[in-house]
Amino acid sequence: MASLQICSVTAEIAPFSKTGGLGDVAAALPSALTALGHRVVTVTPRYRDYPEAWDTGLRLRFPLFGTVHEVRLFHTRTAAHGDIVFVDHPAICRGGIYGNEHGAYGDNLFRFALLSRSAIEVARRFHPGGEAPLADWGPVRFLTHDWHAGLLPVYLRAHYQTHGLLRDATSVHVIHNLAHQGQAGMSSFGGLDLSGHWASTLEMGGALNCLKGALVSADRIVTVSPTYAREICTPAFGCGLDGILRMRRDVVSGILNGIDTTDWNPRVDRHLPENYGPEVFDEPEHQDTRGPGGGKAACKAALQSEMGLPVRGDIPVVGFVGRLTGQKGIDLLEQVGGWLGGSGAAQLIILGTGEHRYEQALAELSRRWRGRVVARLAFDNGLAHRITAGSDILVMPSRFEPCGLNQLYALAYGTVPVVHATGGLADTVPSFHPGSDSGLGWAFSPASVDTFRQALGFALQTWYHHPATFRRMAQRGMAPDRGWGPSAHAYARLLGG
Ligand code: ADP
């Protein structure tokens with residue numbers, strides 16, 4: 001395939017900015033596309049000063065919300081990420097990504113409108129490392145992520161293509177989470193510098209909706225797993241946009257996320273006290289040994305010690321890492337965590353931040369079951385790695401899950417996932433089948449306390465009473481290459497088509 005000119009536009013890119021999976025994907029996908037020989041520039045906000053990025057001297061001006069605003073562009077090129085252009089403006093450079101301790105910023109629509117407008121100009125005018133701008137090499141393929149870049153396909157049509165500019169450019173919009181749509185009062189439309197007849201493109205149920213604008217304006221729509229691509233076309237998962245997605249079904253597809261195998265790889269992970277590979281699950285010399293051996297056993301013991309739990313190899317560790325929101329099934333986790341704490345059949349380690357009510361409930365759970373349940377209410381990347389490595393089982397009772405990365409990390413680390421069979425979880429965790437000794441974990445449905453408890457119960461019973469079966473399953477999960485290779489090819493085919 002001929003080399004493509006790709007402009008990836010995102011609100012997050014790890015390690016510069018990250019609240020969840022978007023940050024990981026927006027970092028890894030451009031690297032994988034670059035490795036395939038495509039030219040990729042990522043455009044993202046400059047939330048704070050990033051010492052490695054330099055002021056390019058290029059200034060852009062946009063009339064938005066009644067004033068002409070000037071943005072500055074900063075640039076860095078790294079081996080891991082390729083070219084990144086950071087969009088700088090006082091409204092953007094405030095420390096937080098979407099908000100602060102008082103909640104979401106009130107001017108997010110403006111902040112991300114600046115991002116979308118800037119990204120198009122970057123593709124036309126920015127010379128990365130002295131080379132020609134993307135648009136000079138050939139048709140630009142905009143890869144826009146979530147609602148934050150959702151205005152870009154609209155601006156591309158309204159400000160450029162209807163005036164004969166960037167006529168051969170195309171846009172592919174990626175839905176990482178349909179629940180976040182960038183809604184605002186319709187009165188904000190007047191601030192967006194679009195002529196009146198674009199209002200209907202952005203209007204949804206009487207409100208302005210950036211994601212809807214992207215869904216009707218983009219050339220193609222992708223989401224992050226095949227099952228989620230089907231689910232979002234139904235009223236149950238469509239978050240009010242299923243009608244539009246059904247109308248555009250021909251251009252909707254699902255491509256499973258890969259993982260960054262340099263960062264999430266137990267053989268080289270620098271956050272772990274010891275590294276390991278699948279050999280830790282080889283048949284042990286003593287048949288009564290249940291858990292893993294070698295480096296993974298060392299990670300488990302170190303994790304128990306770090307979390308203030310009794311260091312014991314004869315009890316399984318169940319881990320959870322993620323945002324504490326309704327989406328992640330935290331109400332189910334809380335109840336099943338209470339059952340686990342009461343039974344003492346496993347140690348439960350929870351890492352997450354999020355809604356106050358869930359933080360309080362989980363803090364209470366760990367107080368109640370001290371020595372059995374620990375909830376660490378923090379965002380701690382190193383600890384996320386150590387929980388993924390040191391746990392025997394990782395739970396994800398998400399009510400919906402577009403792709404989910406933690407179950408992929410768990411599989412790569414020989415940690416058996418117990419998940420709600422939805423979205424990407426259904427696509428990546430085939431449930432254990434005793435007859436054929438197949439499967440990679442336990443997937444339950446529907447999402448309820450009973451089904452979750454039952455699935456976790458099966459996992460624990462298998463750990464205790466059929467350790468060889470459990471070890472084989474964990475080892476199977478580690479076998480496939482879960483890197484970005486195949487998915488990057490799929491994105492390139494879509495962008496090029
Ligand atoms: P989502 O994007 O919905 O938050 P994903 O499973 O796709 O869920 O990705 C979550 C990412 O964020 C993973 O890399 C996970 O390790 C990380 N993460 C979430 N919460 C925390 C936390 N409290 N500390 C460290 N990493 C976290």
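The first residue in the sequence is number 1, and the count goes up from there.
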In Å, rounded to the nearest 0.5 Å, how long is the span from CD1 of Ile255 to CZ of Arg493? 8.0 Å
Does Leu60 reach the side chain of Arg125, with side-chain heavy atoms less than 4.5 Å apart? yes
Enter the distance from Leu394:CG to Leu411:CG here, rounded to the nearest 0.5 Å. 9.0 Å
Cut-off 3.5 Å, side chains only: do Gln327 and Ser398 have a donor facing an acceptor? no
Taking the side chain from Arg248 and the backbone from Leu215, do they hold a donor-acceptor pair closer than 3.5 Å? yes
Has the side chain of Thr223 got a donor or acceptor atom that lies under 3.5 Å from a matching backbone atom of Ile175? yes
Salt bridge between Arg157 and Asp219, side-chain N to carboxylate O under 4.0 Å? yes
Using the ring of each side chain (for Trp, its six-membered ring), is Tyr413 parallel, tilted or perpendicular to His385, with breaks at 30° and 60°? perpendicular
On a heavy-atom basis, which atom in Pro45 and which in Phe112 lie closest, and how many Å separate them? CG-CE2, 4.1 Å
Going through the checks in order, is the side-chain hydrogen bond (donor to acceptor under 3.5 Å, both in side chains) test met by Thr428 and Gln407? CA-CA 8 Å; Thr428 54; Gln407 85 281 12; 3.1 Å; yes
Kindly assign one of parallel, tilted or perpendicular to the pair His89 and Phe110, based on the angle between their ring planes and the thresholds 30° and 60°. perpendicular
Electrostatic pair Asp331-Arg399, nearest N-O below 4.0 angstrom: yes
Check this for me, if you would: do Glu401 and Lys328 make a salt bridge, where the nitrogen-to-carboxylate-oxygen distance has to be below 4.0 angstrom? yes
Does Ser225 use its side chain to pair, donor to acceptor, with the backbone of Tyr228 at less than 3.5 Å? yes
CG (Leu115) and CG (Leu152) are apart, to the nearest 0.5 Å, by 8.0 Å
Nearest 0.5 Å, please: how far is OG1 in Thr325 from CD1 in Ile330? 6.5 Å
Would Asp88 and Arg48 count as a salt bridge (charged side-chain N to carboxylate O under 4.0 Å, His left out) here? Give the steps. CA-CA 9 Å; Asp88 180 72; Arg48 55 187 174 78; over 6 Å; no
I'd like to know if the side chain of Arg482 and the backbone of Gly258 have a donor-acceptor N/O pair within less than 3.5 Å. no
Thinking salt bridges, do Glu70 and Arg61 make one under a 4.0 Å N-O criterion? yes
Would you check if there is a donor-acceptor pair between the side chains of Thr234 and Asp242 at a distance under 3.5 Å? no
Is there a donor in the side chain of Glu52 and an acceptor in the side chain of Thr78, or the other way round, less than 3.5 Å apart? no
Atom NE2 of His356: over 12 foreign heavy atoms under 6.0 Å: no
State the OG1-NE2 distance between Thr10 and His176, to the nearest 0.5 angstrom. 6.5 Å
What distance separates Cys403 SG from Ile259 CD1, expressed to the nearest 0.5 Å? 10.5 Å
Are the side chain of Thr56 and the backbone of Leu58 linked by a donor-acceptor contact shorter than 3.5 Å? yes
Determine whether a donor-acceptor pair (N or O, by modelled atom type, separation under 3.5 Å) exists between the side chain of Asn257 and the backbone of Val224. no
Angle class for the Phe16/Tyr50 ring planes (parallel below 30°, perpendicular above 60°, tilted otherwise)? perpendicular
Test the Arg267-Tyr276 pair against the cation-pi criterion, namely NZ or CZ under 6.0 angstrom from the six-membered ring centroid and within 45° of the ring axis. no
Quick one: does Ile84's side chain get under 4.5 Å of Phe86's, heavy atoms only? yes
So, Glu203 side chain and Gly206 main chain: donor-acceptor pair closer than 3.5 Å or not? yes
When the ring centroid of Tyr98 is compared with that of His148, is the distance short of 6.0 Å? yes
Check whether any side-chain N or O of Glu12 sits under 3.5 Å from a backbone N or O of Thr19 as a donor-acceptor pair, and report yes or no. yes
Judged by atom type as modelled, is there a donor-acceptor pair below 3.5 Å linking the side chain of Ser188 to the main-chain atoms of Gly185? yes
Would you check if there is a donor-acceptor pair between the side chains of Ser8 and His145 at a distance under 3.5 Å? yes
Is Arg59 salt-bridged to Asp55, cutoff N-O under 4.0 Å? yes
Taking the cut-offs as 6.0 angstrom to the six-membered ring centre and 45 degrees off its axis, would you call Arg117 and Tyr155 a cation-pi pair? yes
